Amino acid sequence: MKKLPVICIAGPTGAGKSALALELAEALAAECPVCVINADSRQVYKDFPIITAQPGPDELARCPHRLYGFLAIEEKITAGAYARLAEAELAHCAEQGRLPILVGGTGLYLKSLLGGIAPIPQIAPEVCRYWQDRCDAEASPALHRLLTEQDPAYAAKIHPNDRQRITRALEVLSGTGHTLSWWHAQQAEGAKLAQNAHNGHAVIKIGVGLPLNELETLLSTRIDKMLRAGAIAEAEAARALCPRPEAPGWSGIGCAELYQYLEGRANFAECRELWFRNTRAYAKRQLTWFKGQEKLEWVQPPLASLPGQGNFKDKYPELFHRVASAAR
RNA sequence: GGUGGGGUUCCCGAGUGGCCAAAGGGAACAGACUGUAAAUCUGUCGUCUUACGACUUCGGUGGUUCAAAUCCACCCCCCACCA
């Protein structure tokens, strides 16, 4: 049996990745069945379908979608956990002869899935707590000095102020007995091989995007659409379910801002403005990531992405041809 | 009309004679990124292509002083309260 390729649609938030995926899915309908798989760290939360821009019922009806909206707000997902879940979905697709279309803007998740990630076991929560507390008490530069003694190679790569990475390195060391550098070395070989292939499947990476200044308009109108679609009610319901803003699910852009608004700590205009600013800043970070980390085939956003208007084939004939012939 | 408070670099905001191109935060720009990644972190951020340098800024105009964002005078705006 022929190995189907893996299609990957990445790019900054709000550029229309999901819509493009559907256009592609529909254009491909004649060739082979497909399955859209989420590669976005926030669209996994089931209580924020609107705010995290998950595909709606209409979209979901158009073709199978996986890994969307399945996590509760208090639950945490990580790059490693995501990679395992997505790996299983890819295997599933292979069994069924479906062409997987990965869609999402979480660069690290895509990288972990396609390029592999160090096989570090889960670290006990007490160990994490311990370093977290120590970092609070001693400040990150002190822990960075400590890390420099234990794992100079990794310490040299990160900044003394980067408490998230410093505590993680220390957690891994005390939790597993090996340094992060050691763990990274365990999978370095595979990572190099996996750049353009995944378990023997060809990977076609498509980027959807626009320069930041042009993307702004899309981001702004998208926020208004979310608001009209009931973003506030969604946040309100989520708050009733989990009134802890520090819970993992609340960290999404828009969620956090709306929480402040609901608490009366920001007025509506401030909330909207912040939401927009943060979204824009995030899109910029993503652009930087994709510029430096991945080589994508950039494509314009599908501006008129109304249901049933998928004309991927006409817009990107060569790209479509490549995908289709790889799928056949 | 009276009294009090205030006008600082894109925004917020510190600064009350020299150590001030001016704290801090935000925004912006550039960047990093292997389990929190919609996260976390870095650099730049008045102008002069680089600066040990030069030049122009702190409502306006004059003045005091070796030296002013900081002191004085007048003026223009804003806010609060009283009328």
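Computed from a prediction, not measured in an experiment: that's the story for all the values here. Protein chains get the first letters and strands the later ones, always in sequence-line order, with residue 1 at the start of each.
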> Between C45(B) and U34(B), how many Å separate the two P atoms, rounded to a whole number?
27 Å
> Within the 4.0 Å heavy-atom criterion, would you say Tyr154(A) contacts the bases, only the backbone, or no part of the nucleic acid?
sugar-phosphate
> Under 5.5 Å between ring centres and under 30° between planes: true for His184(A) and the base of U34(B)?
yes
> From the options U40(B), A28(B), A37(B), select the nucleotide whose nearest atom is closest to the side chain of Asp162(A).
U40(B)
> Between Asn161(A) and U42(B), is there a side-chain N or O to OP1/OP2 distance below 4.0 Å?
yes
> Does the A39(B) base have a donor-acceptor partner in the side chain of Arg165(A) within less than 3.5 Å?
yes
> Do the side-chain N or O atoms of Lys157(A) get closer than 4.0 angstrom to the phosphate oxygens (OP1, OP2) of C41(B)?
no
> Is there a side-chain contact between Arg277(A) and the phosphate of A27(B), meaning an N or O under 4.0 Å from OP1 or OP2?
no
> Starting the side chain at C-beta, find the nucleotide from C41(B), A27(B), A37(B) nearest to His159(A).
C41(B)
> Of the options U34(B), A28(B), G35(B), whose atoms approach the side-chain atoms of Arg280(A) most closely?
A28(B)
> Would you say Arg42(A) reaches A37(B)'s phosphate, i.e. side-chain N/O to OP1/OP2 under 4.0 Å?
yes
> Can you tell me if the side-chain N/O atoms of Tyr282(A) get under 4.0 Å from OP1 or OP2 in A39(B)?
no
> Round to the nearest Å and state the distance from Lys17(A) atom NZ to A38(B) atom C1'.
10 Å
> If only side-chain N and O atoms of Gln187(A) are considered, is one of them under 4.0 Å from the OP1 or OP2 phosphate oxygen of U34(B)?
no
> Between Ser251(A) and Arg42(A), is any side-chain donor less than 3.5 angstrom from a side-chain acceptor?
yes
> Of all the nucleotides listed (A37(B), A28(B), G31(B)), which has the minimum atom distance to the side chain of Ala281(A)?
A28(B)
> Where does the angle between the aromatic ring planes of Tyr82(A) and Tyr109(A) fall among parallel (under 30°), tilted (30 to 60°) and perpendicular (over 60°)?
parallel
